[in-house]
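This report concerns only the one structure given below.
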Amino acid sequence: MAMVLNEEAGMLKDAAKGFLTDSAPVSQLRKLRDEKSEDGFDRKTWSAMAEMGWTSVLVPEAHGGVEMGYVAAGVIAEEMGRTLTASPFLSTAIMGATAFSRFGSDAQKSEWLPRIAAGDAITALAVDESGKHSPSKVTATAERSGNGFKLNGKKTFVAEGHVADMLIVSARTAGSEAEAEGITLFLVPRDAAGVAVERSDMVDSRNSARITLDNVEVTADAVLGEVDGGLKALEGILDAGRAGLSAEMSGSAQQCLETTADYLKERKQFGAIIGTFQALQHRAAHLYSEVELGKSIVLKALQTLDVAPDHAALLVCAAKAKMGQVAQLATQEALQMHGGIGMTDEFDIGFFMKRVRVAEALYGDANFHADKFARMRNY
Amino acid sequence: MAMVLNEEAGMLKDAAKGFLTDSAPVSQLRKLRDEKSEDGFDRKTWSAMAEMGWTSVLVPEAHGGVEMGYVAAGVIAEEMGRTLTASPFLSTAIMGATAFSRFGSDAQKSEWLPRIAAGDAITALAVDESGKHSPSKVTATAERSGNGFKLNGKKTFVAEGHVADMLIVSARTAGSEAEAEGITLFLVPRDAAGVAVERSDMVDSRNSARITLDNVEVTADAVLGEVDGGLKALEGILDAGRAGLSAEMSGSAQQCLETTADYLKERKQFGAIIGTFQALQHRAAHLYSEVELGKSIVLKALQTLDVAPDHAALLVCAAKAKMGQVAQLATQEALQMHGGIGMTDEFDIGFFMKRVRVAEALYGDANFHADKFARMRNY
Amino acid sequence: MADLEAFRQEAREWLEANCPDEMRQPMQSEADAVWGGKKFKFSEPQKLWLDRMAEKGWTVPEWPTEYGGGGLSKEEAKILREEMRRINARVPLQSFGIWMLGPALLKYGTHEQKLEHLPPIARGEIRWAQGYSEPNAGSDLASLMTKCEDKGDHYIVNGQKIWTSYADKADWIFVLVRTDFEASKHNGISFILVDMDQPGVTTKPIKLISGASPFCETFFDDARAEKHNLVGELNRGWDVAKYLLTHEREMIGGMGSGGMRPMGDVAVQQVGLNEASQLADPFLRADVARAEIDGMAFMFTMERVADEAKAGQGTGANSSVLKYYGTEFNKRRLELMMDSSGSEGLEWGGEEDVARGWLRSKGNSIEGGTSEVQLNIIAKRILQLPSA
Amino acid sequence: MADLEAFRQEAREWLEANCPDEMRQPMQSEADAVWGGKKFKFSEPQKLWLDRMAEKGWTVPEWPTEYGGGGLSKEEAKILREEMRRINARVPLQSFGIWMLGPALLKYGTHEQKLEHLPPIARGEIRWAQGYSEPNAGSDLASLMTKCEDKGDHYIVNGQKIWTSYADKADWIFVLVRTDFEASKHNGISFILVDMDQPGVTTKPIKLISGASPFCETFFDDARAEKHNLVGELNRGWDVAKYLLTHEREMIGGMGSGGMRPMGDVAVQQVGLNEASQLADPFLRADVARAEIDGMAFMFTMERVADEAKAGQGTGANSSVLKYYGTEFNKRRLELMMDSSGSEGLEWGGEEDVARGWLRSKGNSIEGGTSEVQLNIIAKRILQLPSA
């Protein structure tokens, strides 16, 4: 498969850029933050995204979606990374849609995919239990109880957790803390009895929540995928999210690079445009090279999710590790090259630095993924 | 203790610089290489060093030495790093003298220290058994045999092995391969029956040897330090060597930096002195900063070896790790900034790059020492 | 030596008798620091401790007694610091007046200027701000355009400063102004002291990405300055500024070390150890160990540079090495703290709030002369590389 | 499509019938490469294989048949490569004539020049060297001073070239010369072909730090060049040179990938695994994993840049990204191989000889335009940053 966007994806990119720049630029996130928005995202913008078909980008046509695939989803995420648009796109349109379409039962598909496609339902994945991502480290428990299960435990860093209609929760049905076997995924309505959700105040001003499960009762139908064998589905959903985050970070990195290059062409110091200083030129050129590498590995990961999702893990791993490192370099260099103004809250660079840090940490940081990469390569 | 050279050390530094620049510059090493010298060093230069008291810098006065200490030894090693002078200074004047003066019996001291001080004996430490340094990984064996021991095994990367009069060999008297307990150090004359020495042709054109021990018989007097508890002495000897190598690399790094700064002031490209290019200025300035950091940690390690040798391990570890990394940066930047001419054998940069690589690997590379540092800090 | 021992004894007894118990507790946060000045709200023990120390001249132990100092020798001052540390006594007063203006006045000021300004600094009565950077004169400080006109018996100042630390809390400000627009860039600058308690001086805090506002914009709108408050010669203010910048550089560079919890400990607490008793994130372990080694090498470099200065060796330009490496290292250290903390460190307003420190550290390599400016200085002054 | 399948069948059968068994074994070392030319010592199977392939025009499959090529389409050439790989057939001929001079002549040469020079290249009869760099014109190639004077019916060349690859083994050389000393730097340069078999041309190998001598100094001392061997217009040789440099850049940049043993595998073989089945040196493991990820990202960038070029997207200046990153990555890769190998890798003349490859790699970021020059190009052409 050629490593270029096809015409359809190219058009989607232009449309996304146009819409986001006009309707959901960085100033929207700033406003949501300053006004302490309870939702943490703009529902009108979200509805507009649904109308444009973005929420159905990964939903099969049979369930009312446009099924454009991961490259297309990545195109949207990348443009959102340029504008830092806050929305449940990642948690729902990418991860929720992946969860149901790849791992859901027919009943689950029929119930949830049309709602996701229509923008009527928000889903959130509750996986982490401590500050560091580790999907197989599950202490939340699900005990058999009558025909169903009773869930107990705590989850943290749940993106969109406090606005989600449905939580996808990993819990242990067998095995011990760090074992791969014995993990099961459950669909838990956020308003189920025993579910307590507390929004976390995050550095990126985006949505994240702590969730406590206290004897939450669910039926057997609430199991997503296999009982005890849920890690495979969990990793599949996570990989979709990781690729989406990588695409988002790619957009942020590109935006930082472009903004900085523009600033270097304008700002004067010592009687010269600072863009003429060779040391800054070389650093900007190095950053450009790194951003190009990041774009390539992200595109390859997305393409592989489209054509061979079961073989995408290594590439997603590489993409998240590489793009996390590149995007952080981009925000750091952007801030330093902007000098004092970059440090002010009034300027946008800080927003990029904060969001990239969160995106980098979410579902495994560069260290987590590089370590996993080494293990997958048997060393 | 103030982190400056005292007057005595300052005078030694000037004297060493003068002698080495005149009598043992890089061209001497080049000549030894091109003429395929069997010794691998110049015996006349070595005698002159002994006359100047360099071989006795760590030998107690009671045994005919000048006992100036590790800072003084480091000053000499540093200057040798600037001229890449090949000699048994490290193996003998630093490590041999440390071995006997700190860990030898009275008889061993009386026999060997005066000979080392006089420049009459060369010693070599035979520790490594594979390509990667790991002092506790000892498979060479020493079995009790009558009143003494019978040694079997192979050693590699033995600096000055083929010119040494006396080998200091680690062998296992108890325990299994990687255990810390059960290691004993033995004094083995190079010409003892069963000792086979083969010189290795090394990239730095310096002396290194493979040694095979085939039923080599030694008496109980040949034990240096404690039976089964030899690792402490071994680490003590190694730390002296590591500090010496760090000082040597510091000299090489400084020399590369200075040569490069000079070149940047001369060479013209694109109608300008290349030293005016800001990108090169910043890289040179960064290198300068790194070299300064390296100098500091090396001096601290040497000072600590003088005043509290039993507490020097962490600092020596940090010094070897840091200086190894800095010296490699220095040779790499020097070569790149010199451009094509740096790639030619005719020019000296290649000699520095080769020697620094060997010095970096000898007795543990930067990775080995950073790992050990982390373990010593309990993480 | 006997004198020094006597001094130690005396200091120990005095501190024991005079340092309030509350002032022997570690500071809980930046909010516990005593900055003094007219607007400062002291707690009772803070005020008591400051007054007692100021009385002895020990807020500025090495300044001459006639200017409110303690008149101590270097050795005595060192002993005083040691004795204060012994009982965990807090520093009674922090101030840019002590760290920056004071040294400049002692070197460049007239006797009258010292008499007027140094004692109130020593007693914590007047809080000073620094007016250096301007919106169009960041790294290129000497291109500043704030205008100072001679009006016969006084000066009138017009212009804008930026990045003035805590200007909204300060009483007076030392300002770099342009007094000659014809002269070459560095030759028309003067150094002047301005009372901020006048309508012509207004301030506006700048909110940083870390959420705090330690800096302000400061506006001069026909602000008045007295002629006797010009420090050094007219149009020779750049000399004073350079002298101060070197001080500032060392201060900021020094933040990269000392007094902080070792990175390895923090990482172990956050991430835990594996079966082999090694940090459970092996990549973080590698990064932390390498950084700790660099941090150690940096700490010893600060020590060596200081010792060399004492011994009359070394080069002044090494302060640029410390500023450059110290601030870059501090940024790296905080990135590793963030790596260690994972999502917990990404919470805003959490207890440890590593995120605010992380974001704040990004300014270290900008303020007080950017890393790029330090590298220029090293290249030119130390390596003697030619200018374009 | 049917045609392509037919071609595949034909190629497969022909290769099966004509490729000698010895030419189906992997090359043992650089010494097995066939470079051709008058001085080359062929083995019998090498010569047989070359002649048979040249006969079909398949040493240069896409060149026109009238100039000794195969006249194949891009698709056919791809199929031919696939079929050669299928039976592990060696490349019959490597040459700067094929990689560099050929493309330049096809674009800038006259019909007569192509007829004269291309067929001997395709048949491996003439080996070419490249005369670009000079001792005082390294990165700043356009400042070259080798003089070419018009003597009526011929030219006379005087000067010195350096870094001419394998000049001591070559028959002809394509040279950048200055034909107008009055014109601005880039406008007085011409591109000319010179027969090296004359007393006026001498070569002297340069020994490199790796011990090998792949480069020479080449001296022109009243060397004669024919007028009809001027390629392109007089004084417009810089256009030809730039065209060629882009080719060279991609060639060298590409060395950072493909066909090499994965770093992780090498490290495991050298260092071994610990109880947790991880590389026994945890710091090396971190460095190798990060490098392998970068290497993967670089490989896909080469693929993407090629695909974008095919699709008419992307920028030509991306060849600078590939050259810069590819060569820097290759240096890093070989540093890690050295880290993996420990003291064994430090032996000179060992079997694997990683040390020679390590030392040789240091030249990658210098030859064909230094990394610094590539960064300048990226800054100016892609990021459009202004010149000083």
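Letters go in sequence order (proteins before strands), and every chain restarts at 1.
Only the backbone of B/Met1 comes within contact range of chain C, with heavy atoms under 4.5 Å apart. Interface remark: C/Lys380 contributes side-chain atoms only to the contact with chain B (heavy atom separation under 4.5 Å). Contact of B/Arg283 with chain C is not made at all, since no heavy-atom distance falls under 4.5 Å. At a 4.5 Å heavy-atom cutoff, the contact between C/Glu372 and chain B is made by backbone and side-chain atoms alike. For B/Ala272, no part sits under 4.5 Å from any heavy atom of chain C, backbone or side chain. Contact annotation for C/Ile377: neither backbone nor side-chain heavy atoms come within less than 4.5 Å of a heavy atom of chain B. Residue C/Val288 touches chain B through both its backbone and its side chain, counting heavy-atom pairs closer than 4.5 Å.
Side-chain contact between B/Thr276 and C/Ser387: absent, with no pair of heavy atoms (C-beta onward) separated by less than 4.5 Å. In this structure, B/Lys322 and C/Asp294 have side chains that are in contact, with non-hydrogen atoms separated by less than 4.5 Å. Side-chain contact between B/Asn367 and C/Arg290 is present, with heavy atoms from C-beta onward closer than 4.5 Å.
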Walk me through it: do C/Ser277 and B/Asn378 pass the test side-chain contact (heavy atoms from CB on, under 4.5 Å)? CA-CA 7 Å; C/Ser277 297; B/Asn378 301 311; over 6 Å; no
Under the side-chain contact (heavy atoms from CB on, under 4.5 Å) rule, what do C/Glu308 and B/Leu5 come out as? Steps first, then yes or no, please. CA-CA 9 Å; C/Glu308 284 178 352; B/Leu5 293 186; over 6 Å; no
Go through the steps to decide whether C/Asn318 and B/Tyr288 satisfy the test side-chain contact (heavy atoms from CB on, under 4.5 Å), and finish with yes or no. CA-CA 10 Å; C/Asn318 268 332; B/Tyr288 174 84; 3.3 Å; yes
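When all heavy atoms of C/Pro386 and B/Gln281 are compared, the pair lying nearest together is O-NE2, 3.0 Å. Here the shortest heavy-atom pairing between B/Ser296 and C/Ala297 reads CB-O, 3.9 Å. Scanning all heavy atoms of the two residues, the minimum distance from C/Ala289 to B/Ala370 falls at CB-O, 3.8 Å. Closest heavy-atom contact between B/Ser289 and C/Ile378: OG-CD1, 3.7 Å.
In this structure, a donor-acceptor pair under 3.5 Å is absent between the side chains of C/Tyr325 and B/His286.
Atoms CD and CG, from B/Gln278 and C/Asn376 in turn, are 5.0 Å apart once rounded to the nearest 0.5 Å. One finds the CD atom of C/Glu292 at 9.0 Å from the CG atom of B/Leu314 (value rounded to the nearest 0.5 Å). Atom-to-atom distance recorded for C/Leu383:CG and B/Leu280:CG is 12.0 Å, nearest 0.5 angstrom. Within the model, atoms OH of C/Tyr324 and NE2 of B/His282 stand 9.0 Å from one another, a figure rounded to the nearest 0.5 Å. Atom CG of B/Leu315 and atom CZ of C/Phe300 lie 5.0 Å apart (nearest 0.5 Å). The structure places CG of B/Leu264 at 5.5 Å from CG of C/Leu385, a figure rounded to the nearest 0.5 Å.
Ranked by heavy-atom pairs under 4.5 Å with chain B, the list C/Gln313, C/Met296, C/Arg285, C/Glu303 is led by C/Arg285. Heavy-atom pairs under 4.5 Å with chain C were tallied for B/Ile273, B/Ile297, B/Leu257; the largest tally goes to B/Ile297. Ranked by heavy-atom pairs shorter than 4.5 Å toward chain C, the options B/Gln325, B/Lys265, B/His369 are led by B/Lys265.
Distance alone, capped at 3.5 Å, places no donor-acceptor pair between the C/Gln384 side chain and the B/Ala261 backbone. At least one donor-acceptor pair under 3.5 Å links the side chain of C/Arg304 to the backbone N or O of B/Glu292.
Within a 6.0 Å radius of NZ in B/Lys137, other residues, nucleotides and ligands contribute 12 heavy atoms or fewer. The environment of NZ in B/Lys232 is sparse: at most 12 heavy-atom neighbours from other residues, nucleotides or ligands sit within 6.0 Å. By the neighbour-count criterion of 12 heavy atoms within 6.0 Å, atom CE of B/Met11 is sparsely surrounded, having that number or fewer from other residues, nucleotides or ligands.
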